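Small disclaimer: the values here were computed from a predicted structure and weren't measured.
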Amino acid sequence: MEPIVIDDFIPEVYQDSIYHLMTGREFPWSFYDYSVSDEPLENFYQIGEPYQEHVQMGHLFVRDNEIKSEYFKYIAPLLGSFVKETGTNLGDMFRIKSNLLVAQPGTQTQFPHADGMNVVDGQITSIDKKTLLYYVNDSDGSTRLFDNTGNVVQEIEPKKGRFFLFPNELHAAAFPW
């Protein structure tokens, strides 16, 4: 599968609705110690420059195909468009979450990773999945896709309303400046 980028994936009124929801005072964000995994990256592979783990805020909508958030209904237009565009069954979605990344000191790129990664005998077991990113707002922190040798092969700038679907291969966020 080749990566797919679609601007204005949902109508502007829905883009604005999601933006106002997630930037509003009432939207519940949780603090995450790690931006890439639920545990320290040393458990997966050798870490170090030029990458850095960062803290972030997150909101979990779905985990293990089970709705975890009362706010799930507000992202329905986005999910409906996703199903229409890809033919994917919503029941096949392992996780849906929002990340809130902020500027932090140090190296600006998180570690290359595959979402939901689990390393078994040196192999990343989640590689056959797909990752969808929907950008809620414009930002200067791009998403980078990597080849198996660690070279950046594609870089996508966050733009409000942009849909970015790609095979769950190694990728990383560059944090906003």
Side-chain angles (χ1 to χ4, degrees), residues 1-24 27 29 32 35-37 54 56-69 71-103 108-117 124 126-148 150-177:
M1 168 194 169
E2 289 295 317
I4 299 169
V5 177
I6 302 172
D7 287 338
D8 298 318
F9 181 65
I10 55 177
E12 190 171 350
V13 67
Y14 293 135
Q15 293 175 37
D16 291 343
S17 176
I18 290 172
Y19 173 82
H20 290 296
L21 171 73
M22 292 188 183
T23 59
F27 191 73
W29 292 100
Y32 286 72
S35 63
V36 170
S37 79
H54 293 82
Q56 71 181 19
M57 302 301 286
H59 181 87
L60 187 63
F61 290 98
V62 174
R63 178 66 159 199
D64 296 326
N65 300 315
E66 182 181 330
I67 295 172
K68 299 289 187 179
S69 171
Y71 291 87
F72 179 81
K73 61 188 172 196
Y74 297 107
I75 63 171
L78 176 62
L79 297 176
S81 294
F82 171 72
V83 168
K84 182 178 176 185
E85 179 69 30
T86 66
T88 300
N89 179 344
L90 284 179
D92 295 336
M93 293 188 190
F94 171 70
R95 181 181 66 183
I96 300 172
K97 71 178 200 137
S98 295
N99 294 333
L100 175 62
L101 308 177
V102 296
Q108 294 301 308
T109 304
Q110 67 183 191
F111 292 95
H113 64 282
D115 291 336
M117 71 182 181
I124 298 172
S126 61
I127 221 76
D128 61 337
K129 310 277 188 237
K130 294 179 186 123
T131 294
L132 165 66
L133 300 179
Y134 172 79
Y135 299 102
V136 173
N137 63 314
D138 297 346
S139 177
D140 58 1
S142 64
T143 301
R144 298 171 180 161
L145 300 184
F146 295 83
D147 64 16
N148 291 336
N151 294 314
V152 175
V153 295
Q154 188 169 6
E155 195 161 347
I156 301 297
E157 294 298 321
K159 179 179 179 282
K160 182 179 178 185
R162 179 171 281 168
F163 166 101
F164 180 33
L165 180 69
F166 58 95
N168 189 25
E169 296 173 351
L170 293 177
H171 62 281
F175 288 80
W177 297 92

Task: Partners passing salt bridge (charged side-chain N to carboxylate O under 4.0 Å, His left out) against Glu2 (at least two apart in sequence or in another chain) - done: none
Task: Under 3.5 Å: donor-acceptor pair, side chain of Arg162, backbone of Asn137 - done: no
- [ ] Starting at NZ of Lys159, measure out to OG of Ser139 and round the result to the nearest 0.5 Å.
- [x] 13.5 Å
TODO: Go through the structure and list residues passing side-chain contact (heavy atoms from CB on, under 4.5 Å) with Leu78, not counting sequence neighbours.
DONE: Phe9, Ile10, Ile18, Tyr134
Task: Partner set under side-chain contact (heavy atoms from CB on, under 4.5 Å) for Pro77, not counting sequence neighbours - done: Tyr14
Open item on the list: Any heavy-atom pair between the side chains of Ile96 and Ile75 that's under 4.5 Å?
Closed with: yes
Open item on the list: According to side-chain hydrogen bond (donor to acceptor under 3.5 Å, both in side chains), who are the partners of Glu155, at least two apart in sequence or on a separate chain?
Closed with: Ser142, Arg144
TODO: Please report the closest heavy-atom contact between Trp29 and Met57, naming both atoms and the distance.
DONE: CB-CE, 3.7 Å
Task: Val62 to Leu60 - nearest heavy-atom pair and separation - done: O-CD1, 3.4 Å
Task: Interatomic spacing from CD in Gln154 to CZ in Phe146 - rounded to 0.5 Å - done: 12.0 Å
Task: Pair Phe164 and Phe166, ring centroids less than 6.0 Å apart - done: yes
Task: Spacing of Leu133 atom CG and Phe163 atom CZ [to the nearest 0.5 Å] - done: 9.5 Å
Open item on the list: To the closest 0.5 Å, what do you measure between CG (Leu170) and CG (Asn151)?
Closed with: 11.5 Å
Task: Residue list, ring-ring contact (aromatic ring centres under 6.0 Å, His included) with Tyr19, at least two apart or on another chain - done: none
Open item on the list: To the closest 0.5 Å, what do you measure between CE (Met22) and NE2 (His59)?
Closed with: 7.0 Å
TODO: Could you list the residues that satisfy salt bridge (charged side-chain N to carboxylate O under 4.0 Å, His left out) with Lys68, not counting sequence neighbours?
DONE: Glu66
Task: Smallest separation among heavy atoms of Lys160 and Gln15, with atom names - done: O-OE1, 3.6 Å
Task: Value rounded to 0.5 Å, distance of CZ in Phe82 from CD1 in Ile6 - done: 10.5 Å
Task: Considering all heavy atoms, the nearest Phe61-Phe27 contact - done: CZ-CZ, 3.9 Å
Open item on the list: For a quick test of reading the model, state the closest non-hydrogen atom pair linking Pro158 to Gly141 and the distance between them.
Closed with: CG-O, 2.8 Å
